[in-house]
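Below is one structure, written out as structure tokens; comments come after it.
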Amino acid sequence: MSGFDRLDPALQHHIVNTLGWPGLRPLQDEAVAAISDGGDAILLAPTAGGKTEAAMFPLLTRMQAERWTGISVLYLCPLKALLNNLQPRLAEYAEWLGRSAMTWHGDVNQSVRGRIKLDRPDILLTTPESLESMLVSESVDASELFSGVQAVVVDEVHAFAGDDRGWHLLAVLARLETLVGRQLQRVGMSATVGNPDELLSWLQGGSPGLGRVVSPAVPGGKVTPEITVDSVGSVENAAKVISALHAGEKRLVFVDSRRLAEELGIQLRQRGITTFISHSSLSAAERRESEQAFAEARDCVIVATSTLELGIDVGDLDRVIQVNAPRTVSSFLQRLGRTGRRPGTSRNCLFLGVTDQAVLDTLGMLQCWSSGWVEPVIATPQPRHIAAQQLLAAALQTRRVPLRNWQQAWGALPLFGSDGQEVFDHLLTEGFLEHDAGSAFIGPEAEKHFGRRHFMDLLAVFTAAPEFAVLAGRQEVGFVETTVLTDDVEEPRILLLAGRSWRVTHIDWKRRQVYVETTVAPGRAKWSSAPDGASFAITRGIRDVLLGALPAGVTLTKRASSTLDDMRLQRSNHLSDDAFVIARDHRDDWRWWTWAGTKVNRTIAAWAPELVPSRQRIGTESLRLHPDLTVADIRAGLAALRAADYRPLPSVDANALRGLKFSAALPEHLAYATLGARLSDVGRALTVLGEPTEINATSQG
């Protein structure tokens, strides 16, 4: 029996007659058997591969057959915008069966929330943070509201799994299962990942049961996309190329920062190109207006950061253009999947490198992609701060946490590790929790650190830099960080936001609001960010390209080929076919060309202070060694490093603890240990130590 034949008859009718589909796609067909039997599943397909229907059609069939009532399916997304985008489609599917779907997140008003509590929809779309806020809210009877939940769908599951939000998601689901008294079916959806079986095991949260990865082959075999790499040298030149190419087409341009989105957007508008902008520091209304206008237009460009990488629908695209390189192969695949959806069109991506290094980074990433490699999704190590957050959130939810067997609320989830009791004891000792009659409850320190706005700070696990709302009259344009308001500049202070220039007229420091008016003067965009540099695999891909490899299926323009030739010539002393090089650089300093990525180099630096000076900026390609070392010293140091028993974690700046949310609720040594573990990559550092090394004492200068 096919998957289509197993669906509810009403769904079959509407799939054929309302959607006009001749049948199900392979992913959707295979998913029916996997999900209809109640098992957990990971559904893998490119963007626009029909994953939402693959998950929901069999769950709707179960809903009807088993007569589920109340909120029976939770549909979780990482972004509120994605929930808003999906809700009309899920509501339509639910209505075919006389069911309903509604959304609950931070932007949903109280009247809608009241309707959800009184007349529970069958499908509730929400975020993990909003789900937890419902669990702890005094105005929500969570045990009643969620009494009928049977299944959870996690969209863009890879976006959770490699981040602290993943631990938070699993912990909240575990507490929900404890509340309702049964395990919930878990269905995750993702684009291609490098370790789908491990991702399924992660989603099951330490309670493995019946589960399956559904990832059917693409009909007709693999289609080779059109990939071109160009070297343009500047943002201004990137704007020239984008404005000159593909007139009359709809182009989605991805950039690697909010600042670059603003700078490129204003350059395109100055060239008469209809341009929209989308990034996380624009107001929700501003983003919606841009995305809606872009979806309805034809000859236009939208410049976006990763906000449009996930499954938000912006209509049919003709072209994807990437300025500089995305940090991961997975991100590239998400972006590439935006194109080629219409019959007769192909998947395509044009890369524009604004620096020589950006061209090299792009080719290194594409070298990994062309070899079939995609990043594995790996949970963040040692989430002690999330363990502390969960203990406090559980105390808010249940009002009392038992002093003994307190871990039971999280079932088999391996969140607390060997340090869980120490974290719990610290919360009690320091007054984050108080206890009486065998139970713990919220204490004054928790109120002090996290109690603002009804503990809302406790229910979001990510930390963002303090931002000021930018207001043009009563309209919220977006948000800027403090530094762009405090840096020394000649008056007037002009901001660049939403692709327009704004003159600052007043700053309300207490309310964190900036009042502006439009101006034609050039503005300035600035946001802080600290990406961790290229990964081990991509850095090694760069090395392969410098040694002569070229990613298969990729076209280089004459400018890109010339840039690559120059880079190969400049880097020739940094490379050897058979070994990794330690050599004197142009300043006569020793350089160890590990080609191992930032985390690995940081780890080795922590292990080898006798070789590596502590005061240096750790990059992806090399480490600077002490300049007065001899060749014999280096060889002896490497031998000692390989034989060492003690390998310390990288040092952690005290200021860095501010970026580890809830670190105030941890013993200080555990907070430092958590950050140290996240700054290092022990396994690959050991790999580097085992590789052949050639030492060249001749100065390159």
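Computed from a predicted structure; not experimentally measured.
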Apply the test side chain to side chain contact (heavy atoms under 4.5 Å, CB included) to residues E481 and R258: give CA-CA distance (whole Å), side-chain angles for both, the deciding distance (0.1 Å), then the verdict. CA-CA 12 Å; E481 292 180 8; R258 291 166 287 181; 3.6 Å; yes
Any idea which heavy atoms bring [X] and [Y] closest together, and the distance?
X: S231; Y: D356; result: OG-OD1, 4.3 Å
X: W104; Y: S130; result: O-CB, 3.8 Å
X: N601; Y: A596; result: OD1-CB, 4.0 Å
X: C77; Y: L86; result: SG-CD1, 3.8 Å
X: A191; Y: Q334; result: CB-OE1, 2.6 Å
X: A534; Y: T620; result: N-CG2, 3.4 Å

Please tell me if the side chains of [X] and [Y] come closer than 4.5 Å, counting only heavy atoms from C-beta onward.
X: L79; Y: E156; result: no
X: Q270; Y: I266; result: yes
X: V480; Y: S281; result: no
X: M567; Y: L546; result: yes
X: V323; Y: F254; result: no
X: S370; Y: V554; result: no
X: S331; Y: R335; result: yes
X: Q367; Y: R540; result: no

Give, for atom [atom1] of [X] and atom [atom2] of [Y], the distance between the pair rounded to the nearest 0.5 Å.
X: R259; Y: L264; atom1: CZ; atom2: CG; value: 11.0 Å
X: T362; Y: I227; atom1: OG1; atom2: CD1; value: 11.0 Å
X: R165; Y: H168; atom1: CZ; atom2: NE2; value: 8.5 Å
X: S535; Y: R327; atom1: OG; atom2: CZ; value: 9.0 Å
X: Y75; Y: M189; atom1: OH; atom2: CE; value: 3.0 Å
X: T519; Y: I494; atom1: OG1; atom2: CD1; value: 5.0 Å

Single hit among R493, R503, R500 for salt bridge (Lys or Arg N to Asp or Glu O under 4.0 Å) with E517: R503
Using the ring of each side chain (for Trp, its six-membered ring), is F468 parallel, tilted or perpendicular to W509, with breaks at 30° and 60°? perpendicular
Under a 4.0 Å threshold between the charged nitrogen and the carboxylate oxygen, would [Y] count as salt-bridged to [X]?
X: R251; Y: D299; result: yes
X: E621; Y: R543; result: no
X: K526; Y: E262; result: no
X: R288; Y: D107; result: no
X: R89; Y: E53; result: yes
X: R298; Y: D318; result: yes

Check the pair H105 / V108 against side chain to side chain contact (heavy atoms under 4.5 Å, CB included), numbers first and verdict last. CA-CA 6 Å; H105 56 61; V108 172; 3.9 Å; yes
When you measure from the side chain of [X] to the backbone N and O of [Y], does any donor-acceptor pair fall under 3.5 Å?
X: R624; Y: R615; value: yes
X: R602; Y: L679; value: yes
X: T505; Y: Y515; value: yes
X: E476; Y: G478; value: no
X: N109; Y: V112; value: yes
X: T339; Y: N348; value: yes
X: R338; Y: L308; value: yes
X: R347; Y: P225; value: no
X: R271; Y: Q267; value: yes
X: S501; Y: G523; value: yes

Applying side chain to side chain contact (heavy atoms under 4.5 Å, CB included) between [X] and each of [options], report the one that passes.
X: V232; options: T563, T557, L352; answer: L352
X: L125; options: D155, N84, L83; answer: L83
X: N324; options: V354, V359, V255; answer: V354

The test is side chain to side chain contact (heavy atoms under 4.5 Å, CB included); show your working for H586 and R591 and say whether it passes. CA-CA 10 Å; H586 64 285; R591 281 275 171 186; over 6 Å; no
Go through S330 and E375 one step at a time and tell me if the side-chain hydrogen bond (donor to acceptor under 3.5 Å, both in side chains) criterion holds. CA-CA 6 Å; S330 176; E375 291 83 5; 5.0 Å; no
I want to check a possible cation-pi pair here: K599 against F536, using under 6.0 Å from ring centre and within 45° of the ring axis as the test. no
Does D487 form a side chain to side chain contact (heavy atoms under 4.5 Å, CB included) with R524? I'd like the steps, not just the answer. CA-CA 11 Å; D487 288 349; R524 178 169 174 257; 3.0 Å; yes
Using ring-ring contact (aromatic ring centres under 6.0 Å, His included) as the criterion, list what pairs up with H279, not counting sequence neighbours. W527
